[in-house]
Amino acid sequence: MAKRIFDVSWDQFQTLSLAEKTPYLMQTDGVPYHTLIAQQFGHSLLERLALLANEIRAIAKTRAGTEFLRSQVAHKRAMLYFSQPSSRTFLSFVSACQILGVPTGEVRDISISSEFKGESREDSVRTFSSYFDLIIMRTPEKGLAERMAWVLSNSERPIPIINAGSGQDQHPTQALLDTYTLLRSFERCGGLRDRTVLFCGDLLRGRTVRSLSYLLTNYPNIKQVFVAPGPLQIGEDVLAVLKAKNVAYELTDDFHAAIPQADAVYMTRIQDEWDTTQGESAKIDTRRFKFGIDELKLLSPRAIIMHPLPRRDEISTAVDSDPRAMYWRQMRNGMWIRTALIAMTFGCEKRIHEYFRHNY
Ligand code: CP
């Protein structure tokens with residue numbers, strides 16, 4: 001794995017477009033060094049990752065395969081630095097590390113780390129890089145993972161960073177598992193092309209939708225329908241990307257009218273943790289943006305229902321037993337795609353392909 005040098009100042013780096021930032025994040029063979037933004041994943045890389053994840057999940061079914069996988073990255077250690085709540089992203093990354101034999105350390109509460117004593121984020125991350133070979137970080141601050149990647153690139157221990165959710169902005173590995181779920185769901189019925197993906201809920205502040213909307217632009221003829229109450233409708237910056245890429249999209253607040261055209265319905269929770277004034281979200285009428293038995297009746301028999309989770313009441317538990325409910329499998333897919341990403345980052349892709357070819 002070749003280390004990445006950011007030969008620009010932080011101020012210059014921030015002025016780059018997402019496309020201009022991408023080369024700084026990749027290794028020479030086109031795989032990620034840092035994983036910071038969805039925009040660094042194009043179609044061929046997404047397909048490579050999905051193939052690797054499929055092989056890993058097959059290999060992991062046997063004891064011999066599990067032992068092979070556990071030997072792959074046993075010489076590396078990973079730090080999980082989560083200064084924002086998480087269940088599935090944290091645990092799926094821990095599981096991914098365990099599958100590959102990567103020992104982990106963690107800071108989940110900065111009030112018991114030396115940041116509480118006034119240590120800067122920069123010094124904290126440099127400290128982690130002294131002991132670990134990979135940092136997986138979730139933060140409430142937009143762009144912090146990028147900033148830390150830049151800081152480390154100019155230190156004596158540059159190591160990769162994986163963004164496990166940054167502010168309202170990006171959640172690239174969630175978008176990877178969402179794309180992987182769509183690919184698997186449609187692989188036997190025409191693939192991920194000529195589809196309509198409907199996003200519903202808090203689209204303004206949901207970072208998973210922002211990252212997935214971008215990744216879907218890598219697949220042909222995917223229409224994106226954004227269903228939200230006016231104040232929570234998708235941001236203009238996302239729409240600008242869709243316009244620039246000639247992607248068909250529609251904005252509406254009529255969920256029932258939109259459901260029948262969907263091949264996938266992607267529900268999201270109201271993200272009231274981002275409220276800037278007391279009770280701001282509670283004033284928005286979200287009753288028409290929930291999925292229950294009535295909505296199931298409107299959904300195509302071949303469509304799927306997704307959710308990044310956690311949910312509140314935007315999907316009724318009565319929907320869970322419907323075969324179209326994909327969100328639990330979607331969550332487990334996160335473990336496999338994150339295993340594939342870590343394996344790829346540390347240069348194990350070829351060895352895993354060879355093991356798969358010889359044994360399956
Ligand atoms: N989807 C997701 O990011 O879940 P967690 O917040 O539980 O990690």
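Atoms within a ligand are numbered from 1 in the order they appear, just like the ligands themselves.
The closest approach between Gln84 and ligand 1 stays at or above 4.0 Å for every heavy atom of the residue.
Of the polar atoms of Phe90, none of the N or O atoms is found under 3.5 Å from an N or O of ligand 1, judged by distance alone. When only interatomic distances are considered, the shortest N/O to N/O separation between Pro310 and ligand 1 does not fall below 3.5 Å.
The single protein non-hydrogen atom nearest to atom 6 (O) of ligand 1 is Arg138 NH1, 2.9 Å, given as residue, atom name and distance.
In this model, no donor atom of one side chain and acceptor atom of the other lie less than 3.5 Å apart for Arg126 and Ser155. Counted by atom type alone, Glu146 and Gln14 present zero donor-acceptor pairs between their side chains at under 3.5 Å.
The shortest side-chain heavy-atom distance between Leu177 and Gln330 falls under the 4.5 Å cut-off.
Taking the six-membered ring where tryptophan is involved, the planes of Trp10 and Trp150 are tilted, since the angle between them lies from 30° to 60°. Below 30°, between 30° and 60°, or above 60°: for His307 and Tyr327 the angle between ring planes is above 60°, a perpendicular geometry.
Each of the following atoms of ligand 1 lies closer than 4.0 Å to a heavy atom of Gln174: 1 (N), 2 (C), 3 (O). Under a 4.0 Å criterion applied to the non-hydrogen atoms of His171, ligand 1 contributes the atoms 3 (O).
Remark: Arg351 CZ is packed, more than 12 non-hydrogen atoms of other residues, nucleotides or ligands lying under 6.0 Å away.
Residue contacts with ligand 1 for Thr208 are absent, since no atom lies close enough (heavy atoms, distance under 4.0 Å).
Around atom 7 (O) of ligand 1, the closest heavy atom drawn from Ser87, Gly206, Ser92, Ala164 belongs to Ser87.
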